Amino acid sequence: MKVGLIGHRSAGKTTVFNMLTGLQAQVGGYGGKEEVHLGVIKVPDARVDKLSQVFKPKKTTYAEIRFTDFPASQNDDDLKGNSNLITQMREVDAMALVLRDFEPDADPLRQLNDLLTEMILADLTVVENRRTRLKKEKARPQEEALLERCATTLENEESLRNLEFSADDENLLSGFGFLSRKPVLVLFNQADDKAGQPLSVAYQDELKRRGLDGLALAGKVEMEVAQLDENDREGFLKEIGIQEPARERFIRASYRLLDLISFLTTGEDEVRAWTVTQGTIARKAAGKIHSDIERGFIRAEVIAYEDFVVLGSEAKCKEAGKLRLEGKDYIVQDGDIIHFRFAI
Ligand SMILES: Nc1nc2c(ncn2[C@@H]2O[C@H](COP(=O)(O)OP(=O)(O)OP(=O)(O)O)[C@@H](O)[C@H]2O)c(=O)[nH]1
Ligand SMILES: [Mg+2]
């Protein structure tokens, strides 16, 4: 999964990036260097830990989230001014909007409105360009009608996220990478003395009104926590009154937001978590591992993680009738331990 960190200049994007990844990218501005930071984190998963203890594999692989820390665009608060950045933003699965909220007069809700509006305008430009081209071709009435509907919404300064689309329309839209359709997690980057506090009611109300999900975090101190030695972390968190690091809350919120679940594969070589969206069928899930397994899919042998933990081994699960044989259309569940059978 790819997540982009987006926000105004000095909102704390790089600080949050460091907090999430434990890396030490330079905060306090690029000094003219408009570069993108990339980082990867492993998604902590107690199930993977447990299975790894049981199977003692050569390799243990957690699910991953890839972060891109975008620079603020050249024209300061204006996304439209930087088409290269927008092209990269179209490639992320979800966006974390970082709002500066560590000063009394920061006005994060205005920043939120600005960012959403900028994305709407960027999408409107794409829609209008495409419509102009289609008008000349006069060959794709369905796409024309669809884009007209999108244009109307965008012109009203509303995000495409708020619209429902048929499966056909989804197909037509998928290539555009519209920013205002991407799932958004709003991060209120607050001052150190607010560490550990929940989102204020006013912010919650505003997010609800917009149909968005959000978190409050104290980016700067949480960044310092993330950069600490693992052994020192827990004590420090207690000291400043943080029950759960924002990183963990962020990961959970992202999974919820994107409707993600993990299935697991086990063996002597590797124990691994794989991330798919809720509702993914077994054959598609197999394709996550390798396209050959998807193509040559025969069946999936499935044990629920909970059963495995209780019974302790695959053999015991089989004996107890807890190993299920599932076909290609089986809908994969969170925590399924799967062996795919395939032929090529
Ligand atoms: N007090 C406080 N300061 C913060 C916090 N987050 C960021 N800062 C400070 O704000 C400044 C900008 O932080 P960055 O993380 O570099 O912000 P950015 O959004 O990456 O900035 P650009 O990449 O230049 O757009 C730095 O001096 C940070 O130390 C915070 O939560 N609390
Ligand atoms: Mg930065």
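Just follow the structure's listing: the first ligand is 1, and inside any ligand the first atom is 1. All values derive from a computational prediction rather than experimental measurement.
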Item checked: Close approach, A11 and ligand 1, non-hydrogen under 4.0 angstrom -> yes
Notebook entry, point to check: Taking atom OG of S180 and atom CD of E118, what is their separation to the nearest 0.5 Å?
Noted result: 13.0 Å
Notebook entry, point to check: Would one find an N or O of N189, backbone or side chain, under 3.5 Å from an N or O of ligand 1?
Noted result: yes
Note to self: If we set the cut-off at 4.0 Å for heavy atoms, which region of Q190 has an atom near ligand 1: side chain, backbone, both, or neither?
What the structure shows: backbone
Checklist line | Residue T14, metal the Mg ion (ligand 2), N/O/S under 2.8 Å | finding: yes
Notebook entry, point to check: At a 4.0 Å threshold, what atoms of ligand 1 neighbour a non-hydrogen atom of G219?
Noted result: 31 (O)
Note to self: If we ignore hydrogens and angles and just use 3.5 Å, is the side chain of Q227 paired with the main-chain N or O of L23 as donor and acceptor?
What the structure shows: yes
Check: Short N/O distance, under 3.5 Å, between T14 and ligand 1?
Finding: yes
Next item on the list: Between A25, G7, G28, flag the one that comes closest to atom 11 (C) of ligand 1 by a heavy atom.
Entry: G28
Checklist line | Polar contact flag, side-chain donor to acceptor under 3.5 angstrom, Q142-D169 | finding: yes
Check: Are Y330 and D336 linked by a side-chain donor-acceptor pair shorter than 3.5 Å?
Finding: yes
Item checked: Polar atom proximity, D69 to ligand 1 (N or O, under 3.5 Å) -> no
Note to self: What's the separation between atom OG1 in T15 and atom CZ in F102, rounded to the nearest 0.5 Å?
What the structure shows: 7.0 Å
Check: Do V184 and L115 touch side chain to side chain, with heavy atoms closer than 4.5 Å?
Finding: no
Check: Quick check: does G12 get an N/O under 3.5 Å from an N/O on ligand 1?
Finding: yes
Notebook entry, point to check: With no hydrogens and no angle check, do the side chains of D259 and T277 hold a donor and an acceptor under 3.5 Å apart?
Noted result: no
